[in-house]
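Beneath this line is the structure, given in C-alpha cells, with notes to follow.
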Amino acid sequence: GESVGLHLPTLSVQEGDNSIINCAYSNSASDYFIWYKQESGKGPQFIIDIRSNMDKRQGQRVTVLLNKTVKHLSLQIAATQPGDSAVYFCAETGGTSYGKLTFGQGTILTVHP
Amino acid sequence: NAGVMQNPRHLVRRRGQEARLRCSPMKGHSHVYWYRQLPEEGLKFMVYLQKENIIDESGMPKERFSAEFPKEGPSILRIQQVVRGDSAAYFCASSQGARRNYGYTFGSGTRLTVV
C-alpha cells in the first residue's frame, strides 16, 4: 500500500552543525506534509508543515523542502542544538481533507556537544 | 489550557484481559484520532471519531478493538482479550474541526504492556 519512508534511520551531528533529514513518500495524492519531533516518552510535536503548492517553507531554524517530481521532502535544522536530539517523523494526509496521517519510520537525530 | 490528556500513562495487562485507554481532547476540540506506535516504528492510524460518531476506522483491527467518543466524557479505545502483540504506545490527537491542520495536537500516549 501507500507509505511514507525515510532514507536514513539515524543521524549524528555536532552541536552547531546543520542537519538534514530526508523523507520519501509514495502516495501521489498527498497534498499536505508535516514534520514532527518526538522525544522519549512523549507524543509527536508539530515542527512545520507544507502544502503541495509550495516547494519551500521556513520556520525558526527549520526549513522544509518539497520535491513533488520525485516525491521527496526534507527537513533542515540550522545550528543544531543538543535539545534537538529526538526522533523526527514526516507525515502526510494522502489527499484526505481531515487529519488521517500516514507516518514515516522515523530518523533518530543525536546532537553531540 | 490543558493539552490532550491520556490516561493511564502506563498500563500492564495479562494476556486475555481487557485494556481501556482514555483520551480527553483539548477544550473545544470535538475530533479525536487514535494511533498505535510499535517500538522503532512510526505511528499508524487506527480510527477517527467525532462526538458520538466513528468517521474512519480503516486502521482498526477487525476483532477485539473498539473505540467510542460519547457526547460526554473522554474517548475510549478498548482492547478485549489482549495479546502480547498489542504491546505498544497508543496516542490520540484532537482537533477543533475536520480540517487536517485545525489545531491538531497529540497527547503523551499510553504505553500498554501485555505480559
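Residue numbers start from 1 in every chain, and the chains themselves are labelled A, B, ... in the order their sequence lines are given, proteins ahead of strands. A quick note: this is a predicted structure, and the numbers were derived from the prediction, not measured.
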ask   = Does a sphere of radius 6.0 Å around CD in Gln81(B) hold more than 12 heavy atoms from other residues, nucleotides or ligands, not counting ones at 6.0 Å or beyond?
value = no
query = Hey, does the side chain of Tyr104(B) reach the backbone of Gly99(A) with a donor-acceptor pair shorter than 3.5 angstrom?
reply = yes
message = With a sphere of 6.0 Å drawn around CZ of Arg61(A), does it hold more than 12 non-hydrogen atoms of other residues, nucleotides or ligands?
response = yes
message = Applying a strict under-4.5 Å side-chain criterion to I, L, V, M, F, W and Y, I'd like to know whether Met46(B) and Leu49(B) cluster together.
response = yes
query = Could you state the interatomic distance from CG (Leu101(A)) to OH (Tyr35(B)), rounded to the nearest 0.5 Å?
reply = 3.5 Å
message = What I want to check is whether the side chains of Lys100(A) and Ser58(B) have a donor and an acceptor closer together than 3.5 Å.
response = yes
inquiry  = Quick check on the hydrophobic clustering: are Met54(A) and Leu66(A) connected, directly or via other members, by side-chain heavy-atom contacts under 4.5 Å?
reply    = yes
request  = Indicate, with yes or no, if Phe69(B) and Ile54(B) share a hydrophobic cluster defined by side-chain heavy-atom contacts under 4.5 Å among Ile, Leu, Val, Met, Phe, Trp and Tyr.
outcome  = yes
message = For Lys42(A), I'd like to know if atom NZ has over 12 heavy atoms of other residues, nucleotides or ligands within 6.0 Å.
response = no
message = Quick check: closest heavy atoms across Gly41(A) and Arg111(B), and the distance to 0.1 Å?
response = C-NH2, 3.3 Å
query = Looking at Gln38(A) and Phe91(B), what are the two nearest heavy atoms and their distance?
reply = NE2-CZ, 3.3 Å
query = How far does CZ of Phe106(B) sit from CD of Gln45(A), to the nearest 0.5 angstrom?
reply = 12.0 Å
ask   = Would a 4.5 Å heavy-atom cut-off, applied to side chains only, mark Thr105(B) and Phe46(A) as touching?
value = no
query = Would the Phe103(A) and Phe45(B) ring centres measure less than 6.0 Å apart?
reply = no
query = Given a strict heavy-atom distance threshold of 4.5 Å, which part of Gln37(B) is in contact with chain A: side chain, backbone, both, or neither?
reply = side chain
query = More than 12 non-hydrogen atoms from neighbouring residues, nucleotides or ligands closer than 6.0 Å to CE on Met60(B), yes or no?
reply = yes
message = Is there a side-chain contact between Gln50(B) and Tyr98(A) in this structure, where contact means two heavy atoms from C-beta onward sitting under 4.5 Å apart?
response = no
